[in-house]
2 protein chains.
Amino acid sequence: MQTQIQTVKRRRLHEDIVQHFHSLIREGALKHGDRLPAERELAEQFQVSRSSVREAIRSLELQGLAVSKPGAGTFISTENLDSVVALLASTFNAGADVLRDAFEMRHLLEPPIAALAAQRATPEEVARLREILEDQQRQIDAGDTGVESDTAFHFALAAATHNAALIKVVSAVEDVLQRSRGQSLEEPGRRQRSLASHQEILQRVQAGDPQGAQQAMDHHLAVVEPSGL
Amino acid sequence: MQTQIQTVKRRRLHEDIVQHFHSLIREGALKHGDRLPAERELAEQFQVSRSSVREAIRSLELQGLAVSKPGAGTFISTENLDSVVALLASTFNAGADVLRDAFEMRHLLEPPIAALAAQRATPEEVARLREILEDQQRQIDAGDTGVESDTAFHFALAAATHNAALIKVVSAVEDVLQRSRGQSLEEPGRRQRSLASHQEILQRVQAGDPQGAQQAMDHHLAVVEPSGL
DNA sequence: TCTGTCCGGTGGTCAGACCAATTTGGTGGT
DNA sequence: ACCACCAAATTGGTCTGACCACCGGACAGA
């Protein structure tokens, strides 16, 4: 038994702690908003050093499962999208041909996402989408590229699918594409064409027309695809 | 200058270190296989404590960008899929209705992935797919569920797209689904039906028939979808 | 009741120590 | 000259304790 244990690859302490919290989250024993015991307390409970606890909490943070606030504590945060997006985007960034790959995935995902949004969007979500396009219009009228609204529109569409996995992946892809989108929207006429096709998508979503929404998104992606990809 | 820095929201030290390494990787100054200086050395260079360096390296590890080996050092590892998959899978796991969401994403992604594989698979990749199905047949004949080969087949299909983002996302989704797949394949007749539809997909991929591959994958997903989802 | 201050608790960082694992360099033998 | 072995050096992993900045709650005063 003892010998057998030593032939197994040594597991790092902080990884065990992370797994422990994963189980608690998965079982529902910890949920969004719950506060973890203090680092010092966890170190005592787990009979480990505070350093190991900190390293575990770093992992949970990076996994988008927790947020630490100095002076306040560490909280389960399973609805915090920013860190997950940054993390997912960084994993995509690690490869070559990042833009090409991200764009291709976008082509695969966003048309059916638009279709799902057409089936599932609540009136509030439709209103939100409209609001974003009004912002985009204002930005373009003011001489800006409207890139933030452009990104927000795609994110809101994914949110309207009510599918957590899709939301996360789309957000990561959008994060990766944000830079090239800024350049792309500098081209003459592109902003207005982007906005026009956004509006077409919104009409189809509002009308509850999945096929129309899908086709409108296909068209939109053709309109905005950067040249030379 | 000094005063100005202090009015900016305090940034955590280890995050600055992570960003530094992100830049180095992005610029190509660090690439797969390169060894980082020792933690103690990095602490000295950056004029920070070793704890901060460690927390930064934890982050890089979790981002799938580095691997630490006791006694040897820390190495850039941008081609290490295992940690990225585990990480992505854990972010998906954090939500409710995990299986439902993962399955829905699978429905959106895997048919077009099969189509891309039909366009892009090399002869070696096709042979690999065939090999996996032969393994699956052997496992089923031996009375096992064949779940490992089932998963491997989907992963190999994604790999045949030559799109790094797709590979990562599909691998994460497969990781999440692996548990339910094991149960699903316990149902009578399901293994053979799964294998049969895999073989149909492979034929279409081998024939370079994207539409046929896509339809075969649609059919396959309908065959294997767990009841009650 | 509201506002301001203080204090205790929290996370963030530092420094140093020790242990386990790996690598490197030196020595001896062939 | 080459190889094997061993000890020392180096590395990451964990621990301990200290100090600092921040936050939230409690309490006192207006």
Side-chain angles (χ1 to χ4, degrees), chain A residues 2-21 30 33-77 80 82-83 86, chain B residues 2-21 30 33-77 80 82-83 86:
Chain A
Q2 179 79 0
T3 301
Q4 192 174 7
I5 291 180
Q6 291 191 350
T7 63
V8 176
K9 180 184 172 183
R10 185 179 177 93
R11 180 68 170 265
R12 297 202 258 173
L13 266 192
H14 78 265
E15 290 173 344
D16 290 336
I17 298 168
V18 170
Q19 288 306 318
H20 172 74
F21 283 114
L30 281 179
D34 286 352
R35 183 178 170 285
L36 298 192
E39 294 174 355
R40 291 170 180 90
E41 200 173 320
L42 288 173
E44 196 173 318
Q45 287 178 15
F46 292 131
Q47 294 291 303
V48 298
S49 75
R50 196 175 142 210
S51 298
S52 297
V53 169
R54 288 186 58 79
E55 292 192 13
I57 289 174
R58 277 314 65 77
S59 296
L60 292 172
E61 282 189 312
L62 273 163
Q63 289 166 359
L65 299 176
V67 174
S68 293
K69 299 179 186 175
T74 296
F75 301 84
I76 296 297
S77 173
N80 171 24
D82 287 347
S83 60
Chain B
Q2 180 80 359
T3 300
Q4 193 177 8
I5 291 181
Q6 292 191 348
T7 63
V8 176
K9 179 184 173 183
R10 185 177 178 94
R11 177 72 170 266
R12 297 203 256 174
L13 266 190
H14 79 266
E15 290 173 343
D16 290 335
I17 298 169
V18 171
Q19 288 308 314
H20 173 74
F21 283 114
L30 282 180
D34 286 353
R35 184 178 168 284
L36 299 192
E39 293 175 355
R40 290 172 180 88
E41 202 174 318
L42 289 172
E44 197 174 316
Q45 287 176 15
F46 293 132
Q47 294 291 302
V48 299
S49 76
R50 197 177 142 210
S51 300
S52 299
V53 169
R54 289 187 59 77
E55 292 193 13
I57 290 174
R58 277 314 67 75
S59 297
L60 292 172
E61 282 188 312
L62 274 164
Q63 289 165 358
L65 299 176
V67 174
S68 292
K69 298 179 187 176
T74 297
F75 301 84
I76 296 297
S77 175
N80 171 23
D82 287 346
S83 61

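Chain A is the first sequence line, chain B the second, and so forth, proteins listed ahead of strands; every chain is numbered from 1. The figures here come from the full heavy-atom set of this structure, side chains too, leaving out hydrogens, waters and symmetry mates.
Looking at A/E39, its side chain never comes within 3.5 Å of a backbone N or O of A/V53 through a donor-acceptor pair. B/R58 places no side-chain N or O within 3.5 Å of a backbone atom of A/R54 that could act as its donor or acceptor partner.
Here the straight-line distance linking atom CZ of B/R35 with atom CD1 of B/I76 works out to 11.5 Å at 0.5 Å rounding. How far CG of B/L42 is from CD1 of B/I57: 6.0 Å, rounded to the nearest 0.5 Å.
DNA chain D is contacted by B/A38, B/E39, B/R40, B/R50 of residues 38-51 of chain B, taking any non-hydrogen atom closer than 4.0 Å.
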Mind running side chain to side chain contact (heavy atoms under 4.5 Å, CB included) on A/L60 and A/I17 for me, showing each step along the way? CA-CA 10 Å; A/L60 292 172; A/I17 298 168; over 6 Å; no
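Under the 4.5 Å side-chain criterion, counting only non-hydrogen atoms from C-beta, A/Q19 is not in contact with A/E15. With contacts defined as side-chain heavy-atom distances shorter than 4.5 Å, the pair B/D16/B/F46 does not qualify. Side-chain contact check for B/R12 versus B/S52: every heavy-atom pair is 4.5 Å or farther apart. A/V18 is not listed as a side-chain neighbour of A/L65, based on a closest heavy-atom distance of 4.5 Å or more.
Nearest-nucleotide positions on DNA chain D place B/P37 closer to the 5' end than the other of A/G71 and B/P37.
Rounding to whole angstrom units, CD1 of residue B/I57 and C1' of D/dT11 are separated by 11 Å. What separates NZ of A/K69 from C1' of D/dC23 is a distance of 10 Å, to the nearest Å. As rounded to whole Å, 12 Å separates atom P of D/dC15 from atom NE2 of A/H14. Note: CG (B/L60) to P (D/dG12) measures 13 Å, nearest angstrom. When rounded to the nearest whole Å, the span between CD of A/E55 and C1' of C/dG11 equals 15 Å. Regarding A/L36, its CG atom lies at a distance of 12 Å from the P atom of C/dT10, rounded to whole Å. Atoms CG (B/D16) and C1' (C/dG12) sit 13 Å apart, rounded to a whole Å.
Between B/R58 and D/dG13 there is a side-chain N or O to OP1 or OP2 distance below 4.0 Å. In this structure, B/S68 does not reach the D/dT11 phosphate: none of its side-chain N or O atoms is under 4.0 Å from OP1 or OP2. For the OP1/OP2 pair of D/dC15 and a distance below 4.0 Å, the side-chain nitrogens and oxygens of A/S52 include at least one atom meeting the criterion.
Picking from C/dG11, D/dG13, C/dT23 the nucleotide with the shortest atom distance to the side chain of B/A72 gives C/dT23. For A/L13, the listed nucleotide lying nearest its side chain is D/dC15; candidates were D/dC23, C/dG11, D/dC15.
End-to-end axis angle of the helix from C/dT1-D/dA30 to C/dT30-D/dA1, from C1' rotation axes over five pairs per end: 10° (rounded to 10 degrees).
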